[in-house]
Number of protein chains: 2
Amino acid sequence: MDEEDLSRILKAAGDTTRRRILTLLVQEGALRVTALAAHFEMSLNSVSKHIKVLEEAGLVTRRTVGREHFIAPELAPLRLTEQWFGQLKSIWELRLSALEELLVTGDQDDERTGTDDKPQDRGPA
Amino acid sequence: MDEEDLSRILKAAGDTTRRRILTLLVQEGALRVTALAAHFEMSLNSVSKHIKVLEEAGLVTRRTVGREHFIAPELAPLRLTEQWFGQLKSIWELRLSALEELLVTGDQDDERTGTDDKPQDRGPA
DNA sequence: AAATTAGTCAACCATTTGGGTGAATAATTT
DNA sequence: AAATTATTCACCCAAATGGTTGACTAATTT
C-alpha cells in the first residue's frame, strides 16, 4: 500500500520538532543522537523517539559505529509528497480546462438531468 | 508562527480519508457533505469531522446555501509544504557544493581541532 | 403544521502521540 | 575490572485522534 507510506511521511513531517531535526541534519550533515538532542529542550529519550519516527518514514537513515548512531537526512521520500500534490494539481487543472471548453462550445449534451446524486457544479469559489 | 500553519496542513494531509476527500473534491468540484460521505464507509458525522480538520488547515472552504454546505478544495496551502521541502533541498545542495569545494581546494583551515562537539563529517551515505 | 432532510454539536471510547523517568545494554575510557 | 558514555527499551501519563451514537438546529417538502 503506497498510501500507507505517504501517510507515514506526512505524519512524520507534521511535527515541528521532527521538521527541526530534519533541517539540522540537512544543514550539518549526519549527526549523533546526542548532538541532535543538544539542540532541543526535551529529553534525549524524546529526541530518540522522534528520530525513530523519522526513520520509519524513511526520512532519515542510521549508521551505527560502535556505540554511536549517526543519523543522516534522506530527502528522497519527500518526493512522494510532491508527486501527490502534483497529481492533485493536474487533475484540478484538467477539470478547469474541461469546464472552460464546456462554456465555449455551449455543449448541451452534458446538462445534468436532475436524477443525479451530484449537485450542479456551482463553479469554483 | 508560520510553523503552526505548516504543521496543521501536513497533519491534515497525513490522513488517508482526508486525502481521498481532497482528491474527490479536486476531480468533481464542490460537493455537499452528504455527497462526500456517500463515498466512504464511515458515518456522515465522521466525514463531517474530517472536513472540519481540512477546513481548519485551509485545504477546503465551505459555502453554505440554505441547509446545504458546499465544500470546495483549496490547493494553495499545499504550496507552503512545497516551499518547505524546496528550502530543505536547497540547503542540502548548498552544503554539498561547499563540501565539494573543500575537497577540490584541500583547504586545511576548516580542519576540526577535536574540542568540537560536532563529529567529523563522514559524508553522506 | 408535521415530517423529512442536511448538517453540526456533545459525549463517549479505544488508540495513538508526545512527553517524561528509570533500568538495561553495549562500547569506551580509566 | 570499574566507571563512564551513548542509546534504546519498557512503562507511565495527559492530551489528541478517529470513530461511534444520540440529540439538536435549521431549512425544505408534503
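Keep in mind that what you see is a predicted model, and the values were worked out from it rather than measured. Numbered from 1 within each chain, the chains take letters A, B, ... in sequence-line order. Below, all heavy atoms of this structure are taken into account, side chains as well, without hydrogens, waters or symmetry copies.
With sequence neighbours excluded, the residues that form a side-chain hydrogen bond (donor to acceptor under 3.5 Å, both in side chains) with Ser46(A) are Ser43(A). Listed by chain and number, the residues in a side-chain hydrogen bond (donor to acceptor under 3.5 Å, both in side chains) with Ser7(B) are Thr16(A), Arg19(A) (sequence neighbours excluded). A search for salt bridge (charged side-chain N to carboxylate O under 4.0 Å, His left out) contacts involving Glu55(A) returns Arg62(A), not counting sequence neighbours. By the salt bridge (charged side-chain N to carboxylate O under 4.0 Å, His left out) test, Arg18(B) pairs with no residue at all, sequence neighbours left out.
When hydrophobic clusters are built by joining Ile, Leu, Val, Met, Phe, Trp and Tyr residues whose side-chain heavy atoms come closer than 4.5 Å, directly or via intermediates, Val53(A) is not grouped with Leu25(A).
Comparing Ser46(A) and Ile71(B), the nucleotide of DNA chain C nearest to each residue sits closer to the 5' end for Ile71(B).
For the salt bridge (charged side-chain N to carboxylate O under 4.0 Å, His left out) condition, no pair includes a residue of residues 39-52 of chain A, sequence neighbours left out.
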Pairs under 3.5 Å (N/O, protein and nucleotides 10-15 of chain C):
none

Using the 3.5 Å cut-off, write out each protein N or O paired with an N or O of nucleotides 4-6 of chain C and the distance between them.
residue	atom	partner	partner atom	Å
dT5(C)	O4'	Arg67(B)	NH1	3.4
dT5(C)	O2	Arg67(B)	NH1	2.5

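If you measure from atom CG of Leu54(B) to atom C1' of dT17(D), you get 14 Å, rounded to the nearest angstrom. With rounding to whole Å, Leu36(A) atom CG is found 14 Å from dA6(D) atom P. Atom CD1 of Ile51(B) is separated from atom P of dG18(D) by 14 Å (rounded to the nearest Å). Separating the CD atom of Glu55(A) from the P atom of dT8(D) is a distance of 8 Å, rounded to the nearest angstrom. The nearest whole Å value for the distance from the CD atom in Glu41(B) to the C1' atom in dG19(D) is 13 Å. We find that CZ of Arg18(B) is positioned 12 Å from C1' of dA16(D), with the value rounded to whole Å. Between His50(A) atom NE2 and dT16(C) atom P there is a gap of 18 Å when expressed in whole angstrom units.
Of the side-chain N and O atoms in Ser43(B), one or more sit less than 4.0 angstrom from OP1 or OP2 of dT20(D).
Side chain of His39(A) to main chain of Ala35(A): a donor-acceptor pair is present (N/O by atom type, distance under 3.5 Å, no hydrogens or angles).
Within residues 9-17 of chain A, no residue has any heavy atom under 4.0 Å from DNA chain D.
Note that the CG atom of Leu22(A) and the CH2 atom of Trp92(B) stand 10.5 Å from one another [nearest 0.5 Å]. Taken from CG in Asp15(A) to CD1 in Ile21(A), the straight-line distance is 8.0 Å, to the nearest 0.5 Å. In this structure, the separation between CD1 on Ile51(B) and CG on Leu44(B) is 8.0 Å, given to the nearest 0.5 Å.
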Show me the donor-acceptor pairs within less than 3.5 Å that the side chains of residues 77-91 of chain B make with the rest of the protein, sequence neighbours left out.
residue	atom	partner	partner atom	Å
Thr81(B)	OG1	Leu78(B)	O	2.8
Ser90(B)	OG	Gly86(B)	O	3.4
Ser90(B)	OG	Gln87(B)	O	2.9

